[in-house]
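Report on the structure given below.
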Amino acid sequence: MKAYEINKPPDAAIKHIVTHLLEQQSFSGVMALSKKNTGEYAYALISHQDQLDHIDPLYPLMPANAGKLVSRITMIERAEKPLAVILRPCELRALYELVKLEQAQLENLLFISFVCGGVFPISSHKKDREKKYTEYWNTVHSCNPPPGIRETCKICEEFIPETADIVINVLDNDISRKTTIFTQTPAGQKVMQKMNLKGFDKNLDSPETEAIQRQRADTKQEVFRNLQTEKLGWNRLINLFGRCIDCHACSSVCPICYCKLCYIDSAEKDTAPLSWEQRLRKQGSLRIPDSTVMYHLVRLLHVGIMCVGCGMCSDVCPVDIPIASIFTKFGHRVQKDMQYTPGKDITHKMPLADVNPQDFVGISQDAHTQN
Amino acid sequence: MKGKHIQYTGNNLNGGIKEFVGSLLEKKYVNAVLAPRRIPSGESFAYELTNTEQSIEPLTPFPPVIPINGARVLKELTRKGSLTYTILCIMRPCEIRASVELAKLHQVDLENIVFLSLDCSGVMPTKEYITDPEKYDELYTSICTILPPEALRPACRTCVHFTHENVPTDLHIAILGQQDNTLTIIPCSEKGSQCMQAANLVCDIDTTSWHDKIKEHQDIRLEQQKKMFFDIAAKTNGITDLDQYFADCINCHNCMRVCPICYCRQCYFDSPDATRIAAEDYLSRAQSKGGITLPADKLLFHLGRMSHMALSCIGCGSCEDACAMDVPVAHILAYMAEKVQQLFNYLPGRNAEETIPIITYQVDEFHEYEDAKGSS
């Protein structure tokens with residue numbers, strides 16, 4: 001791993017790099033979280049260097065999972081000219097999964113990412129913005145969890161973007177003066193060399209990253225324990241998902257849930273009046289819509305193994321169901337069983353697309369011993 | 001218009017309604033009842049269809065929130081055809097109007113459905129209610145409570161169609177100016193009168209004082225509506241203003257998902273037509289403007305939805321209730337809907353016999369718009 005130093009704080013260092021990409025290295029654009037003229041944050045695709053002042057990729061907010069946005073851009077054809085994408089580790093991992101699902105293409109994309117301290121929930125980030133922002137960086141630099149970030153961020157152990165071409169270290173001691181940039185791929189290295197920077201050998205892992213890792217792992221245990229999903233049965237499921245209003249916002253923002261029309265919304269799922277009547281006679285009373293719990297279980301099955309734990313689902317839930325934590329916990333278990341880490345390696349096939357009869361030996365015994 | 005006072009045993013109007021509904025079920029005038037019920041974990045409500053007298057007891061006919069607009073529930077039940085048995089739907093006026101509008105759009109079948117409604121004083125925002133149901137229940141001690149405007153959904157604060165007027169309900173419960181211990185039921189249709197007969201109730205109460213109260217309440221709401229329209233008009237001049245208005249939107253399309261009227265299974269904006277755009281197109285747009293925000297069709301989505309919903313928006317406020325970013329989307333829709341509906345002299349959900357103006361094209365109308373682009 002090669003490291004480079006730029007004598008600027010991380011924000012300015014990133015701008016310095018992408019300006020060079022647009023001006024000197026014939027990149028066609030930069031996709032990054034940006035501050036709009038209205039003062040709000042959104043991802044933007046920028047092609048002129050004079051617009052680069054808008055970018056603020058380190059701002060702790062995720063208004064959409066960037067993996068999903070890259071999929072929108074590269075779904076039907078790959079990028080013809082080099083395009084730089086600045087995104088968070090979980091967004092890059094989501095994108096890798098989308099590539100495996102044939103919803104996105106990686107050609108000509110250069111990924112710049114950073115050691116991620118987490119993001120604020122989108123609905124509450126505006127409250128005490130200035131104060132929270134200062135506090136955020138103070139706590140990140142002291143390797144503590146910033147107060148008020150998404151629950152999934154507090155338990156995320158994959159905060160180092162292992163597959164990005166270029167990684168910005170935001171944990172340096174001397175962050176106000178200089179930033180260390182790591183390159184993890186030949187493409188990343190080429191970019192930095194063209195900038196006439198001198199590389200040296202250094203590892204991205206540090207006592208700081210290890211401290212964060214340990215602390216996130218502890219929090220994860222605690223959050224998973226508090227969810228008490230071991231005791232899941234219908235009653236507990238109804239309590240967990242009972243207030244769902246069937247809006248399916250969790251699926252529409254989920255980077256993995258890529259179907260244009262979900263089965264649950266399709267005509268196949270419509271119930272005929274006679275069938276309602278039969279069920280009513282049998283049961284005496286029916287909750288309608290009847291599929292809120294089923295919807296979450298189906299989504300859990302479809303998405304669980306690929307869930308990158310970005311937390312978009314919980315963020316947009318109008319009735320505050322802790323969907324992301326439930327999915328992360330479930331996903332964690334399935335991923336462990338299948339020995340699959342979503343988004344880690346583009347060459348790892350999805351277990352569901354790579355069925356091996358041997359995989360299932362012992363599952364029934366497992367279930368017995370669990371009970 | 002005549003009504004009937006009904007004495008009931010409990011001390012809560014929701015209980016009185018259940019006694020009345022139970023008698024309709026017992027007399028077999030209706031075979032089932034559709035009404036909200038508190039969910040097992042207690043913090044919200046969901047619609048339940050039930051056909052036994054015992055299972056009426058746990059229902060809460062008019063809870064302080066509408067987590068899902070009842071029209072969406074009726075759509076689930078009747079999208080594939082009419083019911084073979086009669087159900088009594090206990091809904092607020094905006095839910096009935098949405099159901100009727102959906103019937104015109106062939107998404108709901110009104111056959112065998114009897115509506116029961118009330119003078120609606122408005123509901124609370126769902127996401128606030130679920131955070132502390134006990135606290136909000138204290139505010140809403142009875143369905144007769146007139147909640148202060150700030151406790152209501154923004155759409156409810158300015159709603160003028162809160163009573164039986166222009167709402168095709170069959171049975172109506174008078175609330176305004178009534179005592180908490182009497183249930184005043186007014187039949188508003190042939191079906192409603194049949195219900196009263198089935199329950200052996202003779203309408204003998206004069207409702208003049210109630211009508212006066214309605215007028216009073218309407219004037220207050222109209223005043224609030226006027227003020228809101230004025231505010232919105234000032235905030236929505238041109239594309240820059242609109243961009244600012246929807247600045248917080250993250251394009252999750254939740255407003256569309258919960259809207260009772262927006263019934264398409266797949267919105268154009270989620271369809272392959274709108275989402276399968278070549279990388280080169282994005283880049284050339286970015287190059288011509290210096291940069292574009294992503295997703296690129298956020299404002300277009302809202303404008304598209306507005307133009308589709310304008311005639312049929314019944315102003316229930318579900319959109320704003322479910323917005324993850326608290327964008328005041330219900331008010332801008334109500335403001336725009338009012339203008340368009342006036343233009344066509346159309347009030348959505350008023351009458352199931354009316355058709356939606358855009359499907360009743362007349363050659364001889366709107367000449368003034370021809371002139372605007374005319375030969376000159």
Side-chain angles (χ1 to χ4, degrees), chain A residues 28-29 31 34 36 38-40 42-48 50-51 54 63-64 69 72-81 122-123 235 238-239 242-243 245-249 252-253 260-261 265-267 270-274 276-277 280-281 284-289 315-316 318-320, chain B residues 32 34 39-41 43-44 46-52 55 67-68 72-73 76-85 126-127 130 243-244 247-248 250-254 257-258 265-266 270-272 275-280 282-283 286-287 290-295 321-326:
Chain A
S28 60
M31 190 190 125
S34 305
K36 297 194 288 181
T38 52
E40 307 312 319
Y43 272 96
L45 180 61
I46 291 171
S47 287
H48 285 197
D50 53 5
Q51 296 286 320
H54 285 285
L69 297 175
R72 281 285 283 263
I73 296 176
T74 61
M75 192 183 296
I76 56 171
E77 67 179 30
R78 57 184 215 171
E80 283 304 323
K81 289 177 225 146
I122 31 177
S123 51
N235 287 340
I238 290 167
N239 281 348
R243 58 177 186 261
I245 60 163
D246 206 29
C247 70
H248 302 185
S252 74
V253 296
K260 302 243 181 274
L261 180 67
D265 297 326
S266 73
D270 280 357
T271 310
L274 200 62
W276 282 119
E277 194 183 342
L280 182 63
R281 279 221 195 98
S285 50
L286 300 169
R287 178 178 165 161
I288 305 170
D315 247 29
V316 297
V319 289
D320 279 336
Chain B
L34 180 69
I39 60 169
S41 47
E43 75 282 24
S44 187
Y47 269 99
E48 187 157 290
L49 181 67
T50 179
N51 66 354
T52 61
S55 50
I68 299 183
R72 278 178 65 209
V73 179
E76 286 267 330
L77 271 174
T78 65
R79 202 176 199 170
K80 289 193 95 173
S82 49
L83 295 169
T84 46
Y85 49 101
T126 310
K127 55 189 132 187
I130 58 165
D243 203 25
Q244 180 72 55
D248 280 331
I250 55 158
N251 224 36
C252 73
H253 295 185
N254 222 10
R257 292 298 321 238
V258 297
R265 290 188 199 277
Q266 183 174 58
D270 294 326
S271 74
T275 51
R276 292 172 63 87
I277 295 171
E280 203 43 45
Y282 282 106
L283 278 168
Q287 261 146 15
I292 54 168
T293 52
L294 297 169
D321 204 44
C323 178
M325 301 302 292
D326 291 326

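Proteins get letters first, then strands, A, B, ... in listed order; numbering begins at 1 in each.
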Legend entry - Donor-acceptor under 3.5 Å (B:Arg257 side chain, A:Ser252 main chain): no
Legend entry - Backbone of B:Leu83 reached by a side-chain donor or acceptor of A:Trp276 within 3.5 Å: no
So for [X], is it side chain, backbone, both, or neither that comes closer than 4.5 Å to the heavy atoms of chain A?
{"X": "B:Arg79", "value": "side chain"}
{"X": "B:Val258", "value": "side chain"}
{"X": "B:Ile130", "value": "side chain"}
{"X": "B:Asn254", "value": "side chain"}
{"X": "B:Glu43", "value": "side chain"}

For residues [X] and [Y], determine if any side-chain heavy atom of one lies less than 4.5 Å from a side-chain heavy atom of the other.
{"X": "B:Met325", "Y": "A:Ile122", "value": "yes"}
{"X": "A:Glu40", "Y": "B:Thr293", "value": "no"}
{"X": "B:Arg276", "Y": "A:Glu77", "value": "no"}
{"X": "A:Pro318", "Y": "B:Asp321", "value": "no"}
{"X": "A:Val316", "Y": "B:Ile250", "value": "yes"}
{"X": "B:Lys80", "Y": "A:Thr271", "value": "no"}
{"X": "B:Pro295", "Y": "A:Leu69", "value": "yes"}

Part of [X] within contact of chain B (heavy atom distance under 4.5 Å):
{"X": "A:Val319", "answer": "both"}
{"X": "A:Lys260", "answer": "both"}
{"X": "A:Ser34", "answer": "neither"}
{"X": "A:Asp246", "answer": "both"}

Nearest heavy-atom neighbours spanning [X] and [Y]:
{"X": "A:Gly284", "Y": "B:Ser55", "value": "O-OG, 4.1 Å"}
{"X": "B:Ala247", "Y": "A:Lys36", "value": "O-NZ, 3.8 Å"}
{"X": "B:Gly81", "Y": "A:Pro273", "value": "O-CG, 3.2 Å"}
{"X": "A:Ile245", "Y": "B:Pro67", "value": "CG2-O, 3.5 Å"}
{"X": "B:Ile39", "Y": "A:Gly242", "value": "CD1-C, 3.7 Å"}
{"X": "B:Ala324", "Y": "A:Ser123", "value": "O-CB, 3.3 Å"}

With a 4.5 Å cut-off on heavy-atom pairs, point out which of [options] contacts chain A the most.
{"options": "B:Ala46, B:Gly290, B:Ser41, B:Gly291", "answer": "B:Gly290"}
{"options": "B:Thr84, B:Leu34, B:Asp326, B:Asn251", "answer": "B:Thr84"}
{"options": "B:Ile68, B:Thr52, B:Asp270, B:Leu77", "answer": "B:Leu77"}
{"options": "B:Ala322, B:Ala32, B:Ser44", "answer": "B:Ala322"}

Legend entry - Contacts of B:Ser271 that satisfy side chain to side chain contact (heavy atoms under 4.5 Å, CB included) - sequence neighbours left out: B:Gln266, B:Tyr268, B:Asp273, B:Ala274
